[in-house]
Amino acid sequence: MARRLRPVGIEFLEHAPVRFVFAREVSASPEAVFHALAEDVPGWAEWFSAVTLARPIDDGGRREVRLRGGTRFEETVLSARKAEVYAYRVDATNAPGVRALVEEWRLTPAGTGTLVRWTFAADGPAPLRLTLRLARGGLGRTFRGAVTALDRRLAGR
């Protein structure tokens with residue numbers, strides 16, 4: 001891993017210089033979505049097209065994630081409340097410029113399904129912040145595609 005990031009807490013979600021929130025409703029239950037996010041970490045590569053490898057480490061308190069293109073992350077789980085929220089902080093990455101990064105997946109019952117809300121919070125120098133803002137649309141499409149694929153995967157079980 002190339003660089004250690006600033007060890008921010010869950011509160012970073014509220015005051016990060018770059019913060020995006022995307023939401024999508026799925027037919028799967030909050031329990032099923034939480035299981036896929038927090039308990040079946042290797043399964044991420046099956047439904048999140050950008051992920052090539054995801055594996056829990058340290059008894060699930062940390063994760064290793066690799067993306068297409070070679071980006072790697074070591075992460076610490078900040079919150080895992082069954083059927084409610086799954087959040088993690090990136091501790092180390094080979095991605096240039098990132099100083100701090102936290103992601104949160106919040107699950108809310110919606111009829112017989114779930115409203116999945118993903119918050120992406122990051123900090124870095126001005127050029128990185130600008131790049132992330134320009135990439136907002138792509139991140140949104142990636143989120144929607146991943147959650148749609150996850151819902152299809154869960155419906156097939």
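Throughout, residue positions are numbered sequentially from 1 according to the sequence presented.
For residues 120-145, the set of pairs meeting the side-chain hydrogen bond (donor to acceptor under 3.5 Å, both in side chains) definition, not counting sequence neighbours, comprises Arg6-Asp123.
A chain of hydrophobic side-chain contacts below 4.5 Å, direct or via other Ile, Leu, Val, Met, Phe, Trp or Tyr residues, connects Val147 to Val65. Connection of Val51 to Phe22 is established within a shared hydrophobic cluster, with ILVMFWY side chains joined at heavy-atom distances below 4.5 Å, either directly or through further cluster members. Cluster annotation: Val85 is not connected to Phe48 through the hydrophobic network of ILVMFWY side chains, with a link wherever side-chain heavy atoms come within less than 4.5 Å.
Under a 3.5 Å cut-off, the side chain of Thr114 and the backbone N or O of Val116 do not form any donor-acceptor pair. One N or O on the side chain of Asn94 and one on the backbone of Gly70 form a donor-acceptor pair closer than 3.5 Å. Checked by atom type and distance alone, the side chain of Asp40 pairs as donor or acceptor with a backbone atom of Gly43 at under 3.5 Å. With Arg24 contributing its side chain and Gly145 its backbone, the two residues share no donor-acceptor pair below 3.5 Å. Under the 3.5 Å distance criterion, the side-chain polar atoms of Asp151 are left unmatched by any main-chain donor or acceptor of Val26.
Hydrophobic cluster of Val102: the remaining members, joined at side-chain heavy-atom separations below 4.5 Å, are Val8, Ile10, Phe12, Leu13, Leu78, listed by chain and number.
Of the options Trp47, Phe120, Trp118, a ring pair (Phe, Tyr, Trp, His ring centres under 6.0 Å) to Phe143 is made by Trp118 and by none of the others.
Under a 4.0 Å N-O distance rule, the pair Glu64/Arg66 qualifies as a salt bridge.
Nearest approach of Val41 to Ala54, heavy atoms of both residues: O-CB, 3.3 Å. What you find for Pro96 and Arg3 is that their closest heavy atoms are C-NH2, 3.7 Å. Closest heavy-atom contact between Glu11 and His15: O-CD2, 3.2 Å. Here the shortest heavy-atom pairing between Phe34 and Ala83 reads CG-N, 3.3 Å. Contact detail for Ala121 and Ala16: the closest heavy-atom pair is CB-CB, 3.5 Å. When all heavy atoms of Ala110 and Glu25 are compared, the pair lying nearest together is CB-CD, 3.7 Å.
Side-chain contact between Pro109 and Ser29 is absent, with no heavy atoms from C-beta onward closer than 4.5 Å. A heavy-atom distance below 4.5 Å is not found between the side chains of Leu115 and Leu107.
Atom CZ in Arg19 sits 5.0 Å away from atom OG1 in Thr119 (nearest 0.5 Å). Taking CG of Asp91 as the start and CZ of Arg62 as the end, the distance is 5.5 Å to the nearest 0.5 Å. We find the OG1-CD distance between Thr93 and Glu74 to be 9.0 Å, quoted to the nearest 0.5 Å. Taking CD of Glu46 as the start and CZ of Arg153 as the end, the distance is 5.5 Å to the nearest 0.5 Å. Atom-to-atom distance recorded for Arg63:CZ and Arg89:CZ is 13.0 Å, nearest 0.5 angstrom. With values rounded to the nearest 0.5 angstrom, Phe20 atom CZ is found 12.0 Å from Glu103 atom CD.
A search for side-chain contact (heavy atoms from CB on, under 4.5 Å) contacts involving Leu128 returns Val98, Pro125, Leu132, not counting sequence neighbours.
Outside the 6.0 Å centre-distance limit, the rings of Trp105 and Tyr86 are not counted as a close aromatic pair.
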